[in-house]
Amino acid sequence: MADINDKEKAGDSKESLNFIEQIITDDLQEGKNDSRVHTRFPPEPNGYLHIGHAKSICLNFGLSNTFNGKCNLRFDDTNPVKEDTEYVDSIREDVKWLGFDWQDREFYASDYFEKLYQFAIKLIQKGKAYVCELNPEQIRDFRGTPTVPGTESPYRNRPVEENLDLFQRMRAGEFEDGKYLLRAKIDMASPNMHMRDPIVYRIRHTHHHRTGDNWCIYPMYDFAHGLSDYIEGITHSVCTLEFEVHRPLYDWFLDQVIDSDYRPRQIEFARLNLNYTIMSKRKLLKLVEEKYVSGWDDPRMPTISGLRRRGYTPASIRNFAERIGVAKRENLIDVSLLEFSIREDLNKNANRVMAVLDPVKLVITNYPEGQTETLEATINPEKPELGKREVPFGREVYIERDDFMEDPPKKFFRLAPGREVRLKYAYIIKCEEVIKDETGKITEIRCTYDPETKSGTGCTRKVKAALHWVEASTALDIEVRMFDRLFNVENPDTAEEGKDFTSNINPNSVKVLTHCKLEPTMKGAASDQGYQFERLGYFCIDSKDSKDDAMVFNRTVTLKDSWSKAKKK
RNA sequence: UGCCCGAUGGUGUAAUGGUAGCACGACAGAUUUUGAUUCUGUUUGCCAAGGUUCGAGUCCUUGUCGGGCAACCA
């Protein structure tokens, strides 16, 4: 009984921990690393950050927050052929935008090249590394396969002095690319492929975006990463599952250099997978390079910058990361969860505005010609303190073409011949007549209105629907871009035989609507926030493509729409 | 024929040997001047077989299924 009570109290005082928080809690309890918690987010600057990185960012910075620790931003820039400053700039911007602060702890693995070089010397001196002359094919052959042990390199027992000399000359630039390699001397028969004398340094006469031409030898990930963690005092090095088999190597390198009680620890978690979405940087790069999209920040891209341009908010992405949780099992998250997160945020925070995407003119025949009036509309029902906005109303308005049906099915609540609906914030109107052109297309709907039903005057008459509308003479003409999924299959990575993932691209993933109508209150509106186009969805101004008098809106996400479901049935 | 990791509703994620809970989805109802939101309710789950135990989602064994590992990438 007492046990149960204690447990309930504990449960009340803290939310349940994910497995990483549990590990850290245990480490803290054991007093490891002087009870410090220090994490890091370590991207390679070879592409833009995407929603999968957001999970890692939220995790690493979140961990440092909950344990009162620190989190570094570290660029893992050890392979100059793929890296560029454009990418480091975008990464810094995206992490900052997401709402995380690395303070003065912006580091680069390339800052440690000299230290890493000295570690390598130490390795050689201890007889734990050697200079190898095998070429790539030989390296592969000598490595064996997962089921067949490898064979030792003929250069494996080169004397320490010779290794030292050769390695120094590698650094000095005496040899061309590929001539020599520094390898760790571990175990060519290890069941773990990564322990079969892994490469530590390779020669690469390539300009590095930060160190320029100072170096012509570059360290490999396994060597550089763990030791960079060590140099920075990282306590918990959180990475994705595919590095799990690297952990013995991570620890091996540490064993060679550590001379204190402090030791960083690698912990792996399952990366984010989203259906209908491609997450591989290599593939995203292909989309950009081969112009399937307009750039890394194309609003259809799963990049942070793409989502931002699409109108996603930092909070919505953080909430999403929180909601999907962290574990070690493979997962496939439904994009609808991401969409839920942005709807949740925007519903609370986005100002309401009326717009008509596919306008058809509606004339109120008994409304005096030339007369206009100003109506009050709610800015945001979730935030009454924001008050009201004033929208003009007149004899001619635009309504959505979809909001009228000449021959409506049973479940259609909106306007139809002889039927009454309310124009939101205005009056109840009744459809009297439909005018069509010679092709049968409706060009004008003629209605009458009931002056006694003005909104806000205590009218109690109920109608089944309230339509959004925009007054014709004052309407702003805008362009709206509607985005659909970039890929129309759940798993875009799988493609038909002989084709690649690009064959899954949805050719209709962007639809541009011109001459949409927007209420005039939006003139000069801020581009850094989302708006709800009432009954249509959430939109944001594209500050990149909008000009002074030509506003372009991107659709962020639709509203949940039970009418479209009813239609299908 | 190797090594490492994992397996809880449709999708994710909790439980730390003691009542399988939460979120999203789905479904139903209420409210609604957005067919939105909000609110209420319902639904569906421990991979399998053994073992340990008073008691197993949790520990052990075996099996099954899934993922990862053979770049001079990270």
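FYI, side chains are in, hydrogens and waters are out, and symmetry mates aren't considered; it's all heavy atoms of this structure. Keep in mind that what you see is a predicted model, and the values were worked out from it rather than measured. Chain identifiers are assigned alphabetically (A, B, ...) following the order of the sequence lines, protein sequences preceding nucleic acid strands; residue numbering begins at 1 within each chain.
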Could you measure between the two [atom1] atoms, the one in [N] and the one in [M], and give it in whole Å?
{"N": "B/rG18", "M": "B/rU32", "atom1": "P", "answer": "48 Å"}
{"N": "B/rA36", "M": "B/rA30", "atom1": "C1'", "answer": "16 Å"}
{"N": "B/rA23", "M": "B/rC65", "atom1": "C1'", "answer": "27 Å"}

How is [X] classified with respect to the nucleic acid when contacts are heavy atoms under 4.0 Å: base, sugar-phosphate, or nothing?
{"X": "A/Tyr201", "answer": "nothing"}
{"X": "A/His225", "answer": "nothing"}
{"X": "A/Leu332", "answer": "sugar-phosphate"}
{"X": "A/Ser190", "answer": "nothing"}
{"X": "A/Leu134", "answer": "base"}

Distance check: side-chain N/O of [X] vs OP1/OP2 of [N], anything under 4.0 Å?
{"X": "A/Arg323", "N": "B/rG25", "answer": "no"}
{"X": "A/Arg202", "N": "B/rC73", "answer": "yes"}
{"X": "A/Thr78", "N": "B/rA74", "answer": "yes"}

Once side chain to side chain contact (heavy atoms under 4.5 Å, CB included) is applied, do any residues pair with [X], and if so which ones, sequence neighbours excluded?
{"X": "A/Glu242", "answer": "A/Thr240, A/Arg271"}
{"X": "A/Ile23", "answer": "A/Phe19, A/Asp27, A/Arg265, A/Ile267"}
{"X": "A/Leu332", "answer": "A/Asn273, A/Asn275, A/Glu490"}
{"X": "A/Arg419", "answer": "A/Pro408, A/Phe412, A/Ala416"}

Within residues 268-280 of chain A, the residues having a heavy atom closer than 4.0 Å to RNA chain B are none
Write down the distance between CD1 (A/Ile203) and C1' (B/rC73), rounded to a whole number of angstrom. 18 Å
Would B/rA23 be called syn or anti, given that syn covers angles within 90° of 0? anti
Who passes side-chain hydrogen bond (donor to acceptor under 3.5 Å, both in side chains) against [X], sequence neighbours left out?
{"X": "A/Asp345", "answer": "A/Thr313, A/Asn349"}
{"X": "A/Ser228", "answer": "none"}
{"X": "A/Asn351", "answer": "none"}

Heavy-atom contacts, protein to nucleotides 31-41 of chain B, under 4.0 Å, summarised as B (base), S (sugar-phosphate only) or - (none) per nt, yield --BBBSS----
How does protein reach along nucleotides 2-8 of chain B, written 5' to 3' as B (base within reach of a heavy atom under 4.0 Å), S (only sugar-phosphate), or - (no contact)? BS-SSSB
By salt bridge (charged side-chain N to carboxylate O under 4.0 Å, His left out), A/Arg323 pairs with (sequence neighbours left out) A/Glu344
Using a 3.5 Å limit for the pairing distances, which stems of at least 3 consecutive Watson-Crick or G-U wobble pairs does RNA chain B take part in? B:2-7 with B:64-69, B:10-13 with B:21-24, B:26-30 with B:38-42, B:47-51 with B:59-63
With nearest nucleotide decided by heavy atoms, which residue, A/His246 or A/Asn18, maps closer to the 5′ end of RNA chain B? A/Asn18
Looking at A/Lys281 and A/Glu44, is any side-chain nitrogen of the basic one under 4.0 Å from a carboxylate oxygen of the acidic one? no
Of the options B/rA71, B/rG12, B/rC24, whose atoms approach the side-chain atoms of A/Ile324 most closely? B/rG12
What orientation do A/His246 and A/His194 show, parallel under 30°, tilted 30 to 60°, or perpendicular over 60°? tilted
